[in-house]
Amino acid sequence: MLRVLHFYKTAFPDSMGGTEQVINQLAKGSGRHGVISDVLSLSRDRNAATLEVSGYRAHRAPLDFEIASTGFSLSAFRRFADLAAAADVIHYHFPWPFMDLVHFAVRPAKPTLVTYHSDIIRQRLLLAFYRPLQSRFLAGVDRVVATSPNYLATSTVLRGLGDKVSVIPIGVNKTDYPTAEPQRLRRWTDEIGEKFFLFCGVFRYYKGLHVLLEAALGTDYPIVLVGAGPIQAELKAQAAGLKLRNIHFLGHVSEEDKVALLTLCHGVVFPSHLRSEAFGVSLLEGAMFAKPMISSEIGTGTTFVNIHGETGLVVNPGDPSSLREAMRFLWNHPAQAAAMGERAEERYQKLFTGDQMVAAYAGIYRDLAKPKGGGTGT
């Protein structure tokens, strides 16, 4: 049995964003490949205990403070050192500048792998100071994984790392999702209607939801927004200012309700307009449920999941007019929309299952753990 330590700023059960979903999927699925997983993250709960989660252990160090959305924890240095000493492979999830500091402070003499989830986009000032540390960190690890060929092709950081970079697409398993119950389907149909567009995700600045609201102006298609986040109040104020009557803010919903909405919706709309959106797990969920998708061309994994004219439509980022036209096309051409959804599901089955992702990473873990000197920790 191999032991792998995952390290990232947040993890399940404290948070369940896209990166956290990937870590959870890897940690719980790799046991079938002979891998024991530990996950170390920071928690706002000062008394957070280590938990058993779906066959792996979730270790949590208390968050002490944040600078530019980067969490810091003094106790994480010791926790990481202890867990790294017991691990065969250390799996870092990038970006998180504090993680680089811990790596160099502890200098674990173990093979190291980085999943490169995203470039640093917004914190330009932080990046200017951080870039030398970032470069040294990424140059020193043994392997780097990009989550899509699109991101690898458009990231100057990744392109500079040479042949140590490979691509493993993010994957999810439909068997991990509940089944939509008939009574739940009826309830949502009664509340929203039989035909609507769906967005699921955290309401963040790069999600393009302000663009979606502008695109909804002058239309009557019901648009359901599932989730919450830092800009929720701004979006509700915008919708009220535009006098939009077709927008449904549902907030957080249960997994059962999310599956019901995915089952019922006419299509999934994912208007992220900045490169901070590196992949889009919500798009995968739409494809998994055979739904046509609308996304923007931002040079990331969103256009690896959604192929224009095949699995859905890809529009110009930040352009309400093209987003409105894409929704109008799917709404007015249900047969073509359904065919796109079928092709989306076929593409999901071919490229994006969780089992495929876990198996690919397990192969890297085994390769890294072979006796050959390991990582240097430098």
Asks: If hydrophobic clusters are built by linking Ile, Leu, Val, Met, Phe, Trp and Tyr wherever their side-chain heavy atoms come under 4.5 Å apart, do V145 and F352 end up in the same one?
Replies: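 V145 clusters together with F352.
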Asks: T302 and S296: which non-hydrogen atoms are nearest, and at how many Å?
Replies: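 Minimum heavy-atom contact is OG1-O, 3.4 Å.
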Asks: Using the benzene-type ring in the case of Trp, are the ring centres of Y130 and F137 under 6.0 Å apart?
Replies: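 No.
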Asks: For T19 and H117, which heavy atoms make the closest approach, and how far apart are they?
Replies: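 For T19 versus H117, the nearest heavy atoms are CG2-NE2, 3.5 Å.
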Asks: Please examine the side chains of L284 and F279, heavy atoms only from C-beta on, and report whether any two atoms are closer than 4.5 Å.
Replies: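 The answer is yes, as the side chains (C-beta and beyond) meet within the 4.5 Å cut-off.
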Asks: Return the CG to OG distance between L42 and S73, rounded to the nearest 0.5 Å.
Replies: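 Spacing of CG (L42) from OG (S73) equals 5.0 Å.
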Asks: Is V172 reachable from L351 through a run of I, L, V, M, F, W or Y residues, each pair having side-chain heavy atoms under 4.5 Å apart?
Replies: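 They do share one cluster, since a chain of ILVMFWY contacts under 4.5 Å joins L351 to V172.
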Asks: How far does CG of D82 sit from CZ of F80, to the nearest 0.5 angstrom?
Replies: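 Here the interatomic distance stands at 11.0 Å.
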Asks: Ignoring hydrogens and angles, tell me if any N or O in the side chain of K291 forms a donor-acceptor pair with the backbone of L283 under 3.5 Å.
Replies: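 The answer is no, because no donor-acceptor pair under 3.5 Å joins these two groups.
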Asks: At their closest point, which heavy atom of R324 faces which heavy atom of L217, and how far apart are they?
Replies: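 What the structure gives for the nearest pair is NE-O, 3.3 Å.
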Asks: Hey, are the side chains of F72 and L101 touching, using non-hydrogen atoms and a 4.5 Å cut-off?
Replies: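 Touching, per the 4.5 Å side-chain cut-off.
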Asks: Grab the two heavy atoms, one from P97 and one from T70, that are nearest each other, plus how far apart they are.
Replies: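 Smallest interatomic distance, heavy atoms only, reads CD-OG1, 3.7 Å.
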Asks: Where do E66 and R44 land on the salt bridge (Lys or Arg N to Asp or Glu O under 4.0 Å) test, with the steps shown first?
Replies: CA-CA 11 Å; E66 292 180 286; R44 295 184 184 278; 2.9 Å; yes
Asks: Go through it in stages, so that I can follow the logic: the residues are L250 and L261, the test is side chain to side chain contact (heavy atoms under 4.5 Å, CB included), and I'd like the CA-CA distance, side-chain angles, deciding distance and then a yes or no.
Replies: CA-CA 11 Å; L250 300 188; L261 292 164; 3.7 Å; yes
Asks: Scan side-chain atoms only and decide if D100 and Y92 contain a donor-acceptor pair under the 3.5 Å cut-off.
Replies: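 There is no such pair (donor and acceptor under 3.5 Å, judged by atom type) between the side chains of D100 and Y92.
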Asks: Keeping the roles fixed (side chain from T154, backbone from G299), state whether a donor-acceptor pair exists under 3.5 Å.
Replies: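 Flag set: sc T154 to bb G299 pair under 3.5 Å.
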Asks: Among side-chain atoms of H91 and T115, is any donor-acceptor pair under 3.5 angstrom?
Replies: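 The answer is yes; a qualifying pair exists.
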Asks: Can you say whether the rings of F199 and F270 are parallel (under 30°), tilted (30 to 60°) or perpendicular (over 60°)?
Replies: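 Geometry flag for F270 against F199: parallel rings.
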Asks: Within the supplied structure, the quantity of interest is the number of heavy atoms (other residues, nucleotides, ligands) at a distance under 6.0 Å from E194 CD; does it exceed 12?
Replies: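 No, the 6.0 Å shell around CD holds no more than 12 heavy atoms from other groups.
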Asks: Between the side chains of Y205 and S276, does any donor sit under 3.5 Å from an acceptor?
Replies: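 On atom types as modelled, these side chains qualify, holding a pair under 3.5 Å.
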Asks: Establish, for the pair R143 and Y365, whether the NZ or CZ atom is under 6.0 angstrom from the six-membered ring centre and no further than 45 degrees off its axis.
Replies: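 Geometry flag: not set, cation outside 6.0 Å or 45°.
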Asks: Treat each ILVMFWY residue as a node, draw an edge where side-chain heavy atoms are under 4.5 Å apart, and state whether V314 and I294 are in one component.
Replies: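 V314 does not cluster with I294.
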Asks: Decide yes or no on side chain to side chain contact (heavy atoms under 4.5 Å, CB included) for L225 and F203, but give the supporting numbers first.
Replies: CA-CA 9 Å; L225 305 182; F203 295 0; 4.0 Å; yes
Asks: Are the charged groups of E285 and K258 less than 4.0 angstrom apart, N to O?
Replies: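 Result for this pair is yes, salt bridge flagged.
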Asks: Which pair of heavy atoms, one from G71 and one from L63, lies closest together, and at what distance?
Replies: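 Looks like CA-CD1, 3.6 Å.
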Asks: Ring-plane angle category for H333 and F329, please: parallel below 30°, perpendicular beyond 60°, tilted otherwise.
Replies: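 Rings of H333 and F329: parallel, as their planes differ by under 30°.
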Asks: Please confirm whether K174 makes a cation-pi placement over F289, using NZ or CZ under 6.0 Å from the six-membered ring centre and within 45° of the ring normal.
Replies: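 Judged by the rule, K174 and F289 form a cation-pi pair.
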Asks: Would you mind reporting whether I364 and S166 have side-chain heavy atoms less than 4.5 Å apart?
Replies: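 Yes, close enough: below the 4.5 Å cut-off.
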Asks: If you measure from CZ on F196 to SG on C265, what distance do you get to the nearest 0.5 Å?
Replies: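 With rounding to 0.5 Å, CZ (F196) is 5.5 Å from SG (C265).
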Asks: Mind checking whether P13 and R60 have side chains closer than 4.5 Å, heavy atoms only?
Replies: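 Of all side-chain heavy-atom pairs linking R60 with P13, at least one is under 4.5 Å.
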Asks: Could you give the distance from CG (L185) to CG (L264), rounded to the nearest 0.5 Å?
Replies: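 Between L185 CG and L264 CG, I get 5.0 Å after rounding to 0.5 Å.
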Asks: For the pair S135 (side chain) and P132 (backbone), establish whether a donor and an acceptor sit closer than 3.5 Å, ignoring hydrogens and angles.
Replies: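 Pair absent, no side-chain N/O of S135 close to backbone of P132.
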Asks: As a quick check of understanding, evaluate side-chain hydrogen bond (donor to acceptor under 3.5 Å, both in side chains) for T311 and N306, giving each step before the final call.
Replies: CA-CA 6 Å; T311 63; N306 184 25; 2.7 Å; yes
Asks: Which class fits the ring pair H273 and H210: parallel under 30°, tilted 30 to 60°, perpendicular over 60°?
Replies: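 Geometry flag for H210 against H273: perpendicular rings.
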Asks: As a quick check of understanding, evaluate side chain to side chain contact (heavy atoms under 4.5 Å, CB included) for S30 and H6, giving each step before the final call.
Replies: CA-CA 12 Å; S30 57; H6 295 267; 5.5 Å; no
Asks: Going from CZ on R57 to OG1 on T50, what distance comes out if it is rounded to the nearest 0.5 angstrom?
Replies: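 OG1 of T50 is found 5.5 Å from CZ of R57.
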Asks: Might you confirm whether atom CZ of R159 has over 12 heavy atoms from other residues, nucleotides or ligands at distances under 6.0 Å?
Replies: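 Atom CZ in R159 is crowded, with more than 12 foreign heavy atoms closer than 6.0 Å.
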Asks: For the pair K28 (side chain) and Y56 (backbone), establish whether a donor and an acceptor sit closer than 3.5 Å, ignoring hydrogens and angles.
Replies: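 Looks like no, no N/O pair under 3.5 Å.
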Asks: Given F98, which of F7, F77, Y8 fulfils the ring-ring contact (aromatic ring centres under 6.0 Å, His included) condition?
Replies: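 Exactly one pass, corresponding to F77.
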Asks: Is there a path of hydrophobic side-chain contacts, each under 4.5 Å between heavy atoms, that joins W96 and V157?
Replies: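 Cluster IDs for W96 and V157 match.
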Asks: Got a salt bridge between D119 and R275, using NZ or NE/NH1/NH2 to carboxylate O under 4.0 Å?
Replies: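 Yes, charged N to carboxylate O under 4.0 Å.
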Asks: Quick check: does any side chain N or O of S118 sit under 3.5 Å from a backbone N or O of A278, one acting as donor and the other as acceptor?
Replies: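 Absent.
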Asks: Can you check whether F197 reaches W331 side chain to side chain, under 4.5 Å on heavy atoms?
Replies: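 Answer yes - side chains close enough.
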Asks: In the structure I gave you, are the side-chain heavy atoms of V202 and P230 within less than 4.5 Å of one another anywhere?
Replies: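 A side-chain contact exists here, since the closest heavy-atom pair is under 4.5 Å.
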Asks: Any side-chain heavy atom of M357 sitting closer than 4.5 Å to one from P169?
Replies: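 The answer is no; the side chains never approach within 4.5 Å.
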Asks: Could you tell me whether E325 and R328 make a salt bridge, using a distance below 4.0 angstrom between a side-chain N and a carboxylate O?
Replies: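 Salt bridge present between E325 and R328.
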Asks: Whether the N24 and S54 side chains hold a donor-acceptor pair (N or O, under 3.5 Å, no angle test) is what I'd like checked.
Replies: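 No - no donor-acceptor pair under 3.5 Å links their side chains.
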Asks: Between D64 and R46, does any side-chain N to carboxylate O distance fall below 4.0 Å?
Replies: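 Here D64 pairs with R46 in a salt bridge, since their nearest N and O are under 4.0 Å apart.
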Asks: With distance as the sole test, does D142 use its side chain to make a donor-acceptor pair with the main-chain N or O of L113 at under 3.5 Å?
Replies: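 No.
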Asks: Do the side chain of E277 and the main chain of P271 share a donor and acceptor less than 3.5 angstrom apart?
Replies: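 Answer holds: no.
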Asks: If you measure from CD1 on I90 to CG on D38, what distance do you get to the nearest 0.5 Å?
Replies: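 Nearest 0.5 Å value for the CD1-CG distance: 11.0 Å.
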Asks: Quick check on R187: does its CZ atom have over 12 non-hydrogen neighbours (other residues, nucleotides or ligands) under 6.0 Å away?
Replies: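 Yes.
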Asks: If every non-hydrogen atom of A360 is compared with every non-hydrogen atom of I168, which pair is closest and at what distance?
Replies: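 In terms of heavy atoms, the two residues are closest at CB-CD1, 3.7 Å.
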Asks: Do L323 and L235 sit in the same hydrophobic cluster, where Ile, Leu, Val, Met, Phe, Trp and Tyr count as joined when their side-chain heavy atoms come under 4.5 Å apart?
Replies: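 Yes; tracing contacts between hydrophobic side chains, which count when under 4.5 Å, links both residues.
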Asks: Spell out, as yes or no, whether a donor-acceptor pair under 3.5 Å connects the side chain of N246 to the backbone of I223.
Replies: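 Side chain of N246 to backbone of I223: no pair is present.
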Asks: Could you walk me through whether Q21 and I170 satisfy the side chain to side chain contact (heavy atoms under 4.5 Å, CB included) test, starting with their C-alpha distance in whole Å, then the side-chain angles of each, then the deciding distance to 0.1 Å, before giving a yes or no?
Replies: CA-CA 10 Å; Q21 289 186 56; I170 291 173; over 6 Å; no
Asks: Is there side-chain contact between T353 and N173, with at least one heavy-atom pair below 4.5 Å?
Replies: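 T353 vs N173: side chains touch.
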